[in-house]
Amino acid sequence: MLGLHQDHPLLISAILEHAAVNYADVAIVSHAGAEIIRTDYARLAARTRRLASSLRAEGFRPGSFTGSLAWNTHRHLELFYAVTGIGAVLHTANPRLTPSQIAYTVNFTGYDTLFIDLDTLALAEQLAPQLPNTTRYVIMTARELMPHTALTNVVCYEDLIDVGKDNFSWPVLDERTASTLCFTSGTTGDPKGALYTHRGCVLSALSSGGGNGWALSADDGILAVPGYFHCNGWAVPFLAPMYGTRLVMPGRNMDTAFLHRLIMEEDVTVGPAVPTIWLQMLDYCRAHNLRLSNLNRLFTGGTAPPAVMIDAYLRDYDVRTFHAWGMTETTHLSTSSFIPRDLPRDAAIEKMRSQGKPVFGNEIRIVDDRGALVAHDGTTPGHLQVRGHWIAGSYFRRPDIALMTEDGWMQTGDVVVIDPDNSMHIVDRAKDVIKSGGEWISSQALEEATNRHARVVESAVIAVEHPRWQERPLLIIVGEAGASLTADDVRAHLIPLVPKWWLPDAVAFVDELPHGPTGKIQKDVLRLWLQDGKIRP
Ligand code: AMP
């Protein structure tokens, strides 16, 4: 027998309307190039409805694709809702990819209209000759700031808002309708697309915003650092209106002093960003003897934050680190650390280092090389597999790439250990782990231990072939400018921190490490350096 609850599809447009009604005057601050816009959810929703009606009048239909190449601003947020709300799909192209990768993702998707902002105009001009299908550019800026440009067929975004209708109402769509499309950063081969659904986006925000995840409420203010093109901006475009939080969007500017000013002046309580941003903030606060006002939690992921960073924020600033794991293929987070309030400090830091447990709606498991299940015993590593409502079931138009197991779990490519209480600890990417004499050495753990040396700025570990052990770690280090640092210094530092057989036989020093568009060290580039003799074991 069916129950008697009402049946409404889970749609993204409902999130914005919820905020417009219930958190109408909650502040939204947007730094869009030279413009600083102060608005609220009611006004943002009104503009979004007008934009949606214009898009529809222009012929956008359920299933149409369009794209954005833009930083986090109120206009990009409006676009997120307007496009998805009418059943069309927004490809948020990632301006941090290489131009040829961006062109690949736009052409692979195929659409005629690309929304850009003033800070991506030069990039769009450079890309335009490579985008044969993209024949129209909408510049997301004020009319008086419309630039001279080499692009042809250019429209001002504000004109679309002006001709829109106030009385537009959102269509009722199937909740499995595609909403947004994000591509992986393509470290191996071409970027791969993850095509999200309305249902997955709504459920993931509902679940991850709760107490064991982001723990959001209308008391909070979020600084939207993660680009809307990376994992849906870590769901901030959905979480903020759903939970009625203040929303501060910095646009393109990721300068530490600027982000610090926003935290102080705009009453930011939650800061989502990759660890690099928070490490720079820590240095900046220390160097200038600054506080962090009402910021009380960092929300971090992408790579594991160092324990010293977690410790320093907690000890010196009373800021807790909420640590999450996710990937483009999991929309944003899948697991998140939870730190009970009464834990002693050391135990709390240990908890914050874990990538945490699945939020409701996700499950995790580990398997060995042959696919057999591995126990969640806190010591045995295995290949991580996940399943849930917002986990990709296949790649966009790439049925040739195997993503799933036969029994319906997504293969992540990460190697992890899972505790008996189901808390997860990332060991490494499967392709980065060093297989030494049948045992695994975690390149990430070795890097973290190395980075604790006061004169090490950054480090990376890759495998080199070894006749006896199969593989051994090569440690590559960027030392502090002017500091004399030897391989023996580093090995002496590592002895108490890692098992003896992990100690790298070879240490190389370089001026800089190569980083990808999401801040991760590009180990495939390091492997090429090794092959080309640019670094030597
Ligand atoms: P991306 O698709 O660019 O978001 O990259 C996803 C990958 O980033 C994952 O498969 C992990 O290898 C890594 N990653 C994400 N979150 C974390 C985390 N909290 N700690 C360590 N690695 C992470």
Side-chain angles (χ1 to χ4, degrees), residues 92 94 96-97 101 105 180-196 204 208 213-214 225-235 272-279 298-307 309-310 321-338 351-359 362 364 366 381 383-386 390-392 395-396 401 403 410-418 423-433 442-448 451 460-461 515-524:
T92 47
N94 182 346
R96 293 213 175 94
L97 296 181
Q101 285 179 319
T105 63
T180 40
L181 172 67
C182 286
F183 280 80
T184 62
S185 44
T187 44
T188 46
D190 289 326
K192 299 181 285 287
L195 184 60
Y196 308 136
S204 65
S208 67
W214 288 70
V225 174
Y228 290 168
F229 43 81
H230 184 224
C231 297
N232 269 349
W234 297 13
V274 291
T276 316
I277 297 271
W278 297 123
L279 284 164
L298 310 180
F299 201 85
T300 196
T303 54
M309 178 194 112
I310 297 174
T321 300
F322 285 55
H323 179 192
W325 172 88
M327 52 199 304
T328 306
E329 295 85 338
T330 70
T331 314
H332 48 98
L333 78 77
S334 174
T335 70
S336 175
S337 65
F338 172 69
K351 277 265 175 229
M352 292 182 211
R353 293 192 64 196
S354 158
Q355 281 78 10
K357 301 179 178 192
V359 293
N362 271 217
I364 55 174
I366 42 178
H383 299 280
L384 175 67
Q385 301 183 342
V386 292
W390 51 94
I391 307 298
Y395 285 114
F396 175 58
I401 304 177
L403 182 63
M410 191 191 88
Q411 309 179 87
T412 66
D414 282 335
V415 172
V416 311
V417 164
I418 302 180
S423 294
M424 180 173 103
H425 306 262
I426 298 259
V427 175
D428 225 329
R429 290 292 294 164
K431 60 184 168 45
D432 295 336
V433 82
S442 160
S443 67
Q444 292 187 11
L446 200 48
E447 287 155 10
E448 218 241 322
N451 294 347
V461 173
H515 288 96
T518 51
K520 294 186 178 79
I521 296 171
Q522 290 174 307
K523 295 202 176 175
D524 42 338

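Just so you know, these numbers come straight off a predicted model, no measurement behind them. In what follows, every heavy atom counts, from backbone to side chain, and hydrogens, waters and symmetry copies are set aside. Order of appearance sets the numbers: ligands from 1, and atoms from 1 within every ligand.
Distance alone, capped at 3.5 Å, places no donor-acceptor pair between the E329 side chain and the A392 backbone. Side-chain N or O atoms of H332 include none that pairs as donor or acceptor with a backbone N or O of C231 at under 3.5 Å. Judged purely by atom type and a 3.5 angstrom limit, W390 uses its side chain to pair as donor or acceptor with the backbone of L333. Panel note: side chain H323, backbone M352; a donor-acceptor pair is recorded below 3.5 Å. With T321 contributing its side chain and I310 its backbone, the two residues share no donor-acceptor pair below 3.5 Å. A donor-acceptor pair under 3.5 Å links the side-chain atoms of T300 to the main chain of A273, judged by distance alone. Looking only at distances, a side-chain donor or acceptor of S208 sits under 3.5 Å from a matching main-chain atom of S204.
Backbone and side-chain nitrogen or oxygen atoms of K520 are examined, and one is located within less than 3.5 angstrom of a nitrogen or oxygen of ligand 1. Polar contact with ligand 1: absent for T300 (N/O pair, distance under 3.5 Å). Checked against a 3.5 angstrom limit, the closest N/O atoms of C231 and ligand 1 fall outside it. Considering backbone and side-chain N/O of A324, one or more are found under 3.5 Å from N/O of ligand 1.
Between T180 and Y228, every side-chain heavy-atom pair lies at or beyond the 4.5 Å cut-off. Side-chain contact check for S337 versus K351: every heavy-atom pair is 4.5 Å or farther apart.
Proximity of T184 to ligand 1 is not established, as no heavy-atom distance is less than 4.0 Å. The closest approach between any non-hydrogen atom of G326 and ligand 1 is below 4.0 Å.
Close approach of ligand 1 to G301 is summarised as follows: ligand atoms under 4.0 Å from at least one heavy atom of the residue are 19 (N). Less than 4.0 angstrom separates some heavy atom of H230 from each of these atoms of ligand 1: 1 (P), 3 (O), 4 (O).
Contacts between D414 and ligand 1, counted as non-hydrogen atom pairs separated by less than 4.0 Å, involve the side chain only. Using a 4.0 Å cut-off between heavy atoms, M327 contacts ligand 1 through both its backbone and its side chain.
In this structure, the protein non-hydrogen atom closest to atom 20 (N) of ligand 1 is Q355 NE2, 3.0 Å. Scanning the protein heavy atoms around atom 18 (C) of ligand 1, the nearest turns out to be H323 NE2, 3.6 Å. For atom 2 (O) of ligand 1, the nearest non-hydrogen atom of the protein is T328 OG1, 2.7 Å. Nearest protein neighbour of atom 21 (C) of ligand 1, counting heavy atoms only, is A304 N, 3.4 Å.
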Q: Starting from the C-alpha separation in whole Å, work towards a yes-or-no answer on side-chain hydrogen bond (donor to acceptor under 3.5 Å, both in side chains) for D432 and S443.
A: CA-CA 7 Å; D432 295 336; S443 67; 5.0 Å; no
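In this structure, of G302, S336, G356, the residue bringing a heavy atom nearest to atom 22 (N) of ligand 1 is G302.
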